[in-house]
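Presented below is the structure to which this report refers.
The structure displayed is predicted, hence computed values, not measured ones.
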There are 2 protein chains.
Amino acid sequence: MQDIMRVAAQVFCEKGYSDALTAQIAARAGVVEGTIYRYFPGKRELLIRVVEQWYERILADYDQQLRGVRGARARLRFLIWRHLTVIHNEPGMCRLIFNQLRAWPEYRRTTVFELTREYTRRTLAVLQEGVDAGEIRADLPLRIVRDMIYGGVEHHTWAYLRGEGDFAPDEAADAMTELVYRGLARAPPQSAAEATLRRLEALAQRLERSTAAR
Amino acid sequence: MQDIMRVAAQVFCEKGYSDALTAQIAARAGVVEGTIYRYFPGKRELLIRVVEQWYERILADYDQQLRGVRGARARLRFLIWRHLTVIHNEPGMCRLIFNQLRAWPEYRRTTVFELTREYTRRTLAVLQEGVDAGEIRADLPLRIVRDMIYGGVEHHTWAYLRGEGDFAPDEAADAMTELVYRGLARAPPQSAAEATLRRLEALAQRLERSTAAR
DNA sequence: CGCAAAGATGAGTGGAGCTCATTAGAATGC
DNA sequence: GCATTCTAATGAGCTCCACTCATCTTTGCG
């Protein structure tokens, strides 16, 4: 049965879900087609089991690694970078998850779903750490930030997953972390700085006039 | 043929792509199955044509509306809000695009693909307007911002598209615009800037006192 | 009215997931 | 050491669904 799952993982990744034929998986695994259906209720369930096994492997050392990273900003960057890196290293499986698994009604009762929830929940927790430490403002819903992070990662890697073009996990992680962390705007505090600047400029002019008058 | 496309749009939206049977579409359209294949090379192409027609309708008044919105920030919010609203109003079609169409190899030669590119290109243009107007910093790649916007919208609406839960386009648009515009962080650069600002203010006060004293 | 061109028909085909009666092999009992 | 039972593997066949094609019908034109 482990043979079947190993072979199925290969064939699914190579050909995609619908072009991967059960007959082909059986042949490569050295069994006959019907044998697959002794262990799996159907092709869909086979994919689900394969992806679940893979995903558990991927997340195995995840918590330990995260525990080693200190500071809300670095932790946040790690989460983003990690997601980008997994996609970059294993595009086949990620394509299966994004294009097939998540579109199915069975998805919600999958451990992939549960583990993903856990994963994104950790992102919220890290953001909250930042709020508690006074590093991040809390006047916007953190859920939206999380959605923009995960959605952004997946949108950014979309072309790569189609086999068109590439992306750099490190650079993208830097940019996204920076964006989330410091934002894009010249925000209200800066207008305070501008006011101060104007006061100083006015003072400078007055001083210049008074020194010139002497 | 318009009948077939109208009926197909309905059935696809109701049942999803693979549960929508060609026989069913034909029956509801009052023709026989083979007739569909006189006008369309196959079921996939039928969906593509249906979605293309819909998408053109959706984007018909789009540019005109955008032209009516002034200011980079308001324009950006409009783009985000618009995307959210379309998803909220027509979940069936959006589900078909996100789950089926975009996963197919044919997608790239679709006008849906072209129009979407146009759509996101406009977002980059609006961001660039903000940079030119001095409203937005340009020291981070705008492509990443765009990816976080569109990815964020889709990630945020994902549960809704599955028929689980709901979301509020206006609130989400506000939050995302705010996030992109002013950022989240009381970040290191800003705390440094704040320290500098306090020193400058102190300096200004000293100078003001000394000039006043004369 | 005759004829040709275009359109519609529905029985039939092919392919892929899936089933099940049968067989082979292993474990257990006496 | 043979018989029995229980489990696993087999592969021919079934079903479902997209798709095809020879045939029939309607329309347009002289």
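Taking atom CE of A:Met1 as the reference point, atom P of D:dA8 lies 11 Å away to the nearest angstrom. The separation between A:Ile25 atom CD1 and C:dC18 atom P is 11 Å, rounded to whole Å. Whole-Å rounding puts the A:Tyr37 OH to C:dT19 C1' distance at 10 Å.
When all heavy atoms of A:Gly165 and A:Tyr160 are compared, the pair lying nearest together is O-CD1, 3.5 Å.
B:Gln64 CD: 12 or fewer foreign heavy atoms inside a 6.0 Å radius.
Note on B:Arg122 versus B:Glu129: no salt bridge recorded, every NZ/NE/NH1/NH2 to OD/OE distance being 4.0 Å or above. A salt bridge links B:Arg109 with B:Glu45; the closest basic N to acidic carboxylate O contact falls under 4.0 Å. Using a cutoff of 4.0 Å between basic side-chain nitrogens and carboxylate oxygens, A:Arg102 and A:Glu154 are scored as salt-bridged. Residues A:Arg121 and A:Glu114 are not paired through a salt bridge, judged by the lack of any N-O separation under 4.0 Å between the basic side chain and the carboxylate.
Side chain to side chain, A:Gln100 and A:Arg95 fail the donor-acceptor criterion of an N or O pair below 3.5 Å. Residues B:Gln53 and B:Gln2 bring a donor and an acceptor atom of their side chains to less than 3.5 Å of each other.
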Please list every donor-acceptor pair under 3.5 Å in which a side-chain atom of residues 167-177 of chain B meets a protein atom from a residue at least two apart or in another chain.
residue: B:Asp170; atom: OD1; partner: B:Trp81; partner atom: NE1; Å: 3.2
residue: B:Asp174; atom: OD1; partner: B:Arg77; partner atom: NE; Å: 2.7
residue: B:Asp174; atom: OD1; partner: B:Arg77; partner atom: NH2; Å: 3.0
residue: B:Thr177; atom: OG1; partner: B:Ala173; partner atom: O; Å: 2.6

What pairs of nitrogen or oxygen atoms, one from the protein and one from nucleotides 24-27 of chain D, lie under 3.5 Å apart?
none

Query raised in the report: Can you give one letter per nucleotide of nucleotides 8-16 of chain C, going 5' to 3': B for a protein heavy atom under 4.0 Å from the base, S for sugar-phosphate only, - for none?
Result: BBB-----S
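A heavy-atom distance below 4.0 Å to DNA chain C is reached by none of the residues of residues 2-14 of chain B. Remark: nothing in residues 44-54 of chain A comes within less than 4.0 Å of DNA chain D through any heavy atom.
Screening A:Thr123, A:Val153, A:Thr157 for a side chain to side chain contact (heavy atoms under 4.5 Å, CB included) involving A:His83 leaves a single residue, A:Val153.
B:Trp158 has its ring centre no less than 6.0 Å from the ring centre of A:Tyr150.
B:Arg44 pairs by the salt bridge (charged side-chain N to carboxylate O under 4.0 Å, His left out) definition with B:Glu106, not counting sequence neighbours.
Geometrically, A:Lys43 engages A:Tyr17 in a cation-pi contact defined by less than 6.0 Å to the ring centre and at most 45° from the axis.
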